[in-house]
Amino acid sequence: MTVTNRNRIIRREWCDRTALAVAPDLLGCTLVRQKLTGETIRGLIVETEAYLPDDPACHAYRGQTASNAHMFGPAGLSYVYFIYGMYHCLNVVTEKTGIGSAVLIRALQLKAVPAGLEADDLNRIAAGPGKLCRTLEIDRRLSGLPFSPQTGLWLEHRHPAFSKALTSGIHKISQTTRIGISKATDQPWRWYLTNNPAVSKP
DNA sequence: CTGAGGATCCTG
DNA sequence: AGGATCCTCAGC
């Protein structure tokens with residue numbers, strides 16, 4: 001790995017903030033998955049949602065259990081859960097140990113189709129939290145681990161060119177209510193890159 | 001012990 | 001609008 005890449009890696013302290021701040025800040029950052037084969041898949045984060053401690057839609061809302069325990073871990077851990085008997089979803093744990101909050105990564109934009117996969121539309125193979133975990137081979141074995149090259153799953157900061165495009169208005173961020181929940185449906189805690197074709201739903 | 005519900009996705 | 005598919009937890 002090059003020096004420039006090492007310096008891009010997001011550290012645990014960066015995640016030690018409210019999920020309401022981390023979620024929009026993760027847009028334009030890169031999620032990287034390195035499999036045991038050495039194959040590396042990188043995806044631009046284009047859609048996120050925040051889940052807070054006092055939030056009825058948050059898995060941590062009713063307190064800590066065996067299945068949601070990783071959400072109460074320190075900032076910068078992964079929290080992966082299994083849903084609808086079929087899909088996994090990936091979160092970035094935020095805030096200090098004991099506080100159950102996280103950011104759900106909802107969609108990635110890939111630059112290439114990973115080896116062994118087929119895709120009619122590159123922009124749709126990671127357009128949704130379940131799809132991105134399937135594409136990157138993320139399951140519960142990766143839950144509770146720090147985002148780090150050592151675990152084969154890490155985050156990298158925005159490239160300067162992306163940040164510049166945001167400040168100059170070439171890229172924009174949209175904010176809406178969250179998807180797929182039945183409680184706290186009026187909270188506008190979903191963010192995505194406006195007009196990005198890899199977002200799960202406009 | 002039971003069953004409803006779930007931070008999804010695909011098909012019709 | 002409905003089904004796949006299964007884990008978790010609240011309620012009895």
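A, B, ... follow the sequence lines: proteins, then strands. Residue 1 opens every chain.
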Between [N] atom [atom2] and [X] atom [atom1], what is the distance in whole Å?
X	N	atom1	atom2	result
Tyr84(A)	dT5(C)	OH	P	16 Å
Asp55(A)	dG6(B)	CG	P	14 Å
Glu47(A)	dT8(B)	CD	P	10 Å
Asp139(A)	dT8(B)	CG	P	18 Å
Arg140(A)	dG6(B)	CZ	P	18 Å
Leu132(A)	dC9(B)	CG	C1'	13 Å
Arg134(A)	dT5(C)	CZ	C1'	15 Å
Tyr81(A)	dT8(B)	OH	C1'	9 Å

5'-most by nearest nucleotide on DNA chain B - Gly128(A) or Lys183(A):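 Its nearest nucleotide lies further toward 5', so the answer is Lys183(A).
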If you define the side chain from C-beta out and look only at heavy atoms, does anything of His171(A) sit under 4.5 Å from Arg158(A)?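 No, too far: nothing below the 4.5 Å cut-off.
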When you look at CZ of Arg11(A), are more than 12 heavy atoms from neighbouring residues, nucleotides or ligands closer to it than 6.0 Å?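 It does not: Arg11(A) CZ has 12 such atoms or fewer within range.
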So which nucleotide does dT5(C) pair with, by the Watson-Crick or G-U wobble rule with both distances under 3.5 Å?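 None - no nucleotide pairs with dT5(C), as no candidate has both distances under 3.5 Å.
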Below 4.0 angstrom from OP1 or OP2 of dC9(C), is there any side-chain N or O of Ser67(A)? yes
Just to confirm, is there a sub-4.0 Å distance from OP1 or OP2 of dC9(C) to any side-chain nitrogen or oxygen of Thr65(A)?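 Yes, because at least one side-chain N or O of Thr65(A) sits under 4.0 Å from OP1 or OP2 of dC9(C).
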Counting side-chain heavy atoms from CB outward, which of dT5(C), dA7(B), dC10(B) is closest to Lys131(A)? dC10(B)
Among the nucleotides dG6(B), dC7(C), dA7(B), which one has an atom lying closest to any side-chain atom of Ser182(A)? dG6(B)
Rounded P spacing from dA4(B) to dG3(C) in Å: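 dA4(B) and dG3(C) have their P atoms separated by 15 Å.
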Check every strand shown and say whether [X] touches a base, only sugar-phosphate, or nothing at a heavy-atom separation below 4.0 Å.
X	value
Tyr87(A)	base
Leu104(A)	base
Gly85(A)	base

Here's a test for you: under side chain to side chain donor-acceptor pair (under 3.5 Å), which of Arg178(A), Gln187(A), Lys183(A) qualifies with Asp55(A)?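 So the option named by the test is Arg178(A).
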Parallel, tilted or perpendicular, judged at 30° and 60°: which one describes the rings of His88(A) and Phe82(A)? tilted
Among side-chain atoms of Gln109(A) and Asn196(A), is any donor-acceptor pair under 3.5 angstrom?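 Result is yes, a qualifying pair exists.
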